[in-house]
Amino acid sequence: MDILSTSYWDARLTFHESPNKAARGLKTMAIRKAFLMTLKPGSQDEYERRHQPIWPELRKVLKEHGFSNYSIFLNRGTDQLFAYVELESEASWQQIAETDACRRWWASMKDLMLTTADNKPVMILLDEVFHLD
């Protein structure tokens with residue numbers, strides 16, 4: 001499978017209750033995404049350093065676009081990253097890629113990881129096969 005041809009902005013939709021809407025008895029649609037990215041050899045320490053913490057403006061943009069429970073895990077033996085995020089809508093996933101903060105972040109990370117020609121991290125999106133609330 002050619003990972004560059006994998007749809008960068010794919011989504012799997014699931015229902016769950018958000019904390020603020022659950023209090024009012026309302027259900028909201030949430031999207032859970034999991035994906036893999038790959039670091040270039042010798043980049044682990046610098047990748048971690050640049051995330052401690054991420055830029056305040058990037059954090060703000062992520063929150064404004066409804067991103068939550070965002071975690072990135074590193075397999076030190078393979079330089080592979082596993083990321084998980086929950087967000088409010090597919091539109092948010094698409095829109096964040098167009099923000100200045102996100103594009104600048106990607107440009108700043110391109111020396112550390114595999115990226116496409118426009119600096120987006122090469123991602124392999126994963127399909128959810130099991131979930132337990």
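For this chain, numbers begin at 1 and follow the sequence in order.
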Worksheet item: Nearest heavy-atom pair of C102 and A97: which atoms, and what distance?
Response: SG-CA, 4.4 Å
Worksheet item: How about K40: does its NZ atom have over 12 heavy atoms from other parts shown lying under 6.0 Å from it?
Response: yes
Worksheet entry | E86 side chain reached by Y70 side chain, heavy atoms, under 4.5 Å | no
Worksheet item: Given side chains that start at C-beta, do those of I96 and E64 come closer than 4.5 Å, heavy atoms only?
Response: no
Worksheet item: For the atom pair OG (S43) and CD (E46), what is the distance rounded to the nearest 0.5 Å?
Response: 8.0 Å
Discussion item. Distance check, rounded to the nearest 0.5 Å: L87 atom CG versus Q95 atom CD?
Written reply: 11.0 Å
Practice prompt. State whether K60 and E57 are salt-bridged, where the test is any N-O pair (Lys NZ or Arg NE/NH1/NH2 against Asp/Glu carboxylate O) under 4.0 Å.
Written response: no
Worksheet item: Is the shortest heavy-atom distance from the side chain of V85 to the side chain of N69 under 4.5 Å?
Response: no
Discussion item. Take a 6.0 Å sphere around CZ of R104 and say whether it holds more than 12 heavy atoms from other residues, nucleotides or ligands.
Written reply: yes
Discussion item. Under 3.5 Å, is there a donor on one side chain and an acceptor on the other for N75 and Q80?
Written reply: no
Worksheet, complete the sentence: Rounded to the nearest 0.5 Å, the CE atom of M123 sits from the CE atom of M37 at a distance of 5.5 Å
Worksheet item: Between atom CD of E88 and atom CD1 of I31, what is the distance when rounded to the nearest 0.5 Å?
Response: 9.5 Å
Fill in: Heavy-atom side-chain proximity of I72 to Y84 below 4.5 angstrom
no
Fill in: Mutual orientation of the aromatic rings belonging to W93 and F67 [parallel < 30°, tilted 30-60°, perpendicular > 60°]
parallel
Discussion item. Show, in sequence, the C-alpha distance, side-chain angles and deciding distance for L126 and L36, and conclude whether the side-chain contact (heavy atoms from CB on, under 4.5 Å) test is met.
Written reply: CA-CA 8 Å; L126 303 175; L36 302 174; 4.1 Å; yes
Discussion item. Counting C-beta onward and ignoring hydrogens, is there a side-chain heavy-atom pair between P121 and L114 closer than 4.5 Å?
Written reply: no
Discussion item. So, taking the atom named OG1 in T115 and the one named CH2 in W106, what distance separates them when rounded to the nearest 0.5 Å?
Written reply: 11.0 Å
Practice prompt. Could you tell me the separation between the NE2 atom of H65 and the OG atom of S89, rounded to the nearest 0.5 Å?
Written response: 8.5 Å
Worksheet entry | Electrostatic pair R50:D45 at N-O distance under 4.0 angstrom | no
Discussion item. Quick check: closest heavy atoms across A101 and W55, and the distance to 0.1 Å?
Written reply: O-CZ3, 4.0 Å
Worksheet item: Can you find a pair of side-chain heavy atoms, one from L74 and one from F82, that are under 4.5 Å apart?
Response: no
Worksheet item: Looking only at side chains, do E48 and Q44 share a donor and an acceptor under 3.5 Å apart?
Response: no
Worksheet item: Are any of the side-chain heavy atoms of D133 and H131 separated by less than 4.5 Å?
Response: yes
Worksheet item: Are any of the side-chain heavy atoms of I54 and W105 separated by less than 4.5 Å?
Response: yes
